[in-house]
Amino acid sequence: MLPIVAIGLVAAHGAVASLHSNNLAYLSPSRRHPTLAVPASHLAIRAADELYTPDELEFTHGVASGDPLADSVIIWTRLAPSLNNTASDTVPEGVVPIYDHPEADQPSEKSACVEFRIASDEKLTDIVDKGTAYTTSDVDYTIKFEAAGLKSFTTYYYQFNVCNSAKTSIVGRTKTVPSKDAKVEKNIKLAVYSCSNYPEGYFNAYGNPVSKDSVDYVLHLGDYIYEYKGDSSIRNPEPDRETYDLYDYRKRIATYRTDQDLLASHQKFPWIPVWDDHEVADNSWREGSVDSDGEVFAKRKQAAVRAYFEWMPIRQVEMDDSLRIWRSFSLGTLADLMMLDTRQYSRDLTVLGGFAGIGGNSAEVEKLVNLDNRTIMGFNQEAWFYDQLSQSSNRGAAWRLVGQQVVFSHMTFGFFTTEGFNRDQWDGYLANRRRVFSHLYDNQINNTIIMSGDSHASWVSDLAWVTGDEGDRPYDKNTGDGAIGVELAGSAVSSTSPIGNVLPNLLTNLASAWLVNKNDELQWQDLYFRGYYEMDIGYDSLTATFFGIPDVKTRNTKEDIIATFVVINGENKLARNPTVGGGTAKSGSLKNGKVST
Ligand SMILES: *[C@@H]1O[C@H](CO)[C@@H](O)[C@H](O)[C@H]1NC(C)=O
Ligand SMILES: *[C@@H]1O[C@H](CO)[C@@H](O)[C@H](O)[C@H]1NC(C)=O
Ligand SMILES: *[C@@H]1O[C@H](CO)[C@@H](O)[C@H](O)[C@H]1NC(C)=O
């Protein structure tokens with residue numbers, strides 16, 4: 001019955017209703033799933049609303065852009081009726097909030113009208129596209145447009161304004177990607193991040209590429225926010241509790257988006273993010289997390305996903321495939337970029353407590369890790385991923401870049417066994433990893449670079465099938481012969497080191513040396529520094545530069561190059577020049593190399 005009512009109202013207010021529909025935030029992320037978007041019927045009712053005046057409105061959280069294609073890009077802003085609060089508790093019909101939100105902006109019947117312009121010059125005179133849309137409390141006053149008709153691999157500037165008014169947002173900068181069949185004339189540069197924990201420190205890692213103006217695009221591999229209640233002497237996010245419902249997740253992201261360096265990165269670079277666990281809850285998998293399951297987890301995930309899509313400048317992919325965020329980008333003939341979801345989409349049960357079979361559910365997980373039907377990403381996504389790798393190789397793109405959440409390579413402490421120590425990583429999903437390796441080796445797919453986050457430490461490995469289970473292939477840890485690619489796993493923006501941020505570099509380097517010694521394919525490891533890495537990608541070779549951020553307790557610009565790696569096209573391993581990493585690193589431990597702090 002609802003659709004008929006909706007059609008009637010849309011007809012009555014056709015032109016106006018489309019001004020709401022122009023705002024992609026109302027799809028957050030899918031109108032076909034009633035709890036995940038604003039129902040069309042509700043929008044039609046909104047169409048009769050009155051508008052806020054320009055005086056009542058503010059652009060509260062800067063601007064952002066993301067998911068660039070060759071001819072379009074998503075641009076984002078938030079235009080809200082008050083500066084003193086930043087989240088709306090308007091929730092979909094039938095969804096009951098878990099908490100009362102007396103502090104929230106009250107649901108309002110009014111709409112805010114916003115226009116955008118995108119131009120090839122910074123003064124915004126040479127306008128290429130423009131548009132108008134409404135936003136309301138239903139989507140926390142967020143606004144997402146797809147700016148279209150753009151030229152490939154070109155820099156653009158964009159700005160929003162309140163309709164028919166001189167009240168404007170700041171100007172954002174963005175960039176399209178090269179068109180799929182084009183030879184890319186300049187190297188492409190990326191900054192790769194994961195694990196930005198607001199109470200644990202300032203996001204200095206985001207700010208440095210802004211001041212250096214050193215990259216084209218930003219990748220984020222997840223843990224963009226954390227759901228925990230803040231308990232820090234540095235700074236604490238709102239709300240002052242663990243996040244469970246829509247208001248909570250909106251407010252949490254809104255707090256993160258007050259970090260000046262994060263705002264600057266969003267303003268200057270197009271982002272291509274995926275989520276990990278903490279965008280929803282700790283160690284989440286398909287049906288639960290460490291501290292939630294069943295109906296509570298299902299509602300929590302709906303709320304988290306909806307807020308994420310409202311606030312992030314990304315596209316909705318295939319909306320019938322519930323919660324799908326995995327997607328790919330072609331960067332000319334230089335590379336294909338595949339962004340996976342090994343966390344929320346369809347991951348089988350993970351470790352929710354305990355370690356190595358002792359405590360929590362870890363004994364139960366130990367029994368599952370080697371099942372043939374076990375998957376970290378769901379069989380739909382697996383099929384898509386293998387197909388993407390093959391298509392990319394068949395079309396002759398020079399590189400396959402795979403952005404995903406958790407460390408892929410086998411990692412053991414090697415104390416009593418060679419078992420993997422972290423079953424929440426690919427070491428807990430052995431058959432899925434075997435299927436990835438066998439797809440790469442059997443089809444001779446070359447030049448694959450897996451990029452990983454989640455671990456708050458750096459792990460650089462030859463991608464080698466020396467997993468200690470089935471199917472291992474010959475591999476020489478000194479020459480790298482036998483590998484099929486490279487894994488670059490980066491440290492955290494600010495989340496604490498797995499060994500606590502308390503040990504001096506000298507001691508963490510000893511722990512790194514132990515790990516590098518026990519794991520053949522692991523060529524460099526560091527536990528000390530927060531940071532990120534930049535990739536400089538050309539046809540002949542690719543360089544990854546790892547930056548260490550020494551201090552996140554204050555906002556500052558300190559950073560140091562702690563290791564650099566080259567991968568030569570066709571070699572499928574880290575370049576030895578003369579040994580991996582050029583033979584020296586400034587922290588951690590480098591196989592066959594020196595570390596001088
Ligand atoms: C926001 O500001 C208005 C006007 O100053 C005030 O009436 C209102 O109580 C404030 N809201 C919150 C949540 O502080
Ligand atoms: C996976 O395989 C195991 C062992 O054969 C079986 O018990 C289990 O039901 C299977 N799981 C699924 C989801 O098919
Ligand atoms: C990968 O490299 C190997 C060794 O150079 C080559 O034999 C093979 O054909 C390459 N694979 C593809 C798909 O081009």
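Counting convention: from 1, in listed order, for ligands and their atoms alike. Below, each value reflects all heavy atoms present in this structure, side chains not excepted, and no hydrogens, waters or symmetry copies.
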Among all protein heavy atoms, pick out the one at the shortest distance from atom 4 (C) of ligand 2; state its residue, atom name and that distance to 0.1 Å.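 The answer is Leu371 CD2, 3.9 Å.
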Looking only at protein heavy atoms, identify the closest one to atom 5 (O) of ligand 3 and say how far it is in Å.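 The closest one turns out to be Asn446 ND2, 4.9 Å.
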When you measure from the side chain of [X] to the backbone N and O of [Y], does any donor-acceptor pair fall under 3.5 Å?
| X | Y | result |
| --- | --- | --- |
| Asn361 | Leu352 | yes |
| Asn519 | Leu515 | yes |
| Lys573 | Ala464 | no |

For Gln444, the ligand 3 atoms whose distance to one of its heavy atoms is below 4.0 Å: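 Atoms satisfying the 4.0 Å criterion: 1 (C), 8 (C), 9 (O), 10 (C), 11 (N), 12 (C), 13 (C).
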Nearest protein heavy atom to atom 13 (C) of ligand 3: under 4.0 Å?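 It does: a protein heavy atom is found less than 4.0 Å away from atom 13 (C) of ligand 3.
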Nearest protein heavy atom under 4.0 Å from atom 9 (O) of ligand 2, yes or no: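 Flag for atom 9 (O) of ligand 2 set to false, no protein heavy atom closer than 4.0 Å.
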Can Lys189 and Glu534 be counted as an ion pair, charged N to O under 4.0 angstrom?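 No salt bridge links Lys189 with Glu534.
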Can Arg300 and Asp291 be counted as an ion pair, charged N to O under 4.0 angstrom?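 Between Asp291 and Arg300 there is a salt bridge, with a charged N closer than 4.0 Å to a carboxylate O.
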Out of Asp372, Leu368, Asn373, who gets a non-hydrogen atom closest to atom 6 (C) of ligand 2?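 Among Asp372, Leu368, Asn373, the closest heavy atom to atom 6 (C) of ligand 2 comes from Asn373.
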Parallel, tilted or perpendicular: ring planes of Phe309 versus Trp275, cut at 30 and 60 degrees: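 Taking Trp275 first and then Phe309, their aromatic rings stand perpendicular (interplane angle over 60°).
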Purely on distance, is any nitrogen or oxygen of Ser393 under 3.5 Å from one on ligand 3?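 There is no such contact.
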Flag Asn443 as yes when one of its N or O atoms lies below 3.5 Å from any N or O atom of ligand 3, and as no otherwise.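 No: no nitrogen or oxygen of Asn443 is under 3.5 Å from one in ligand 3.
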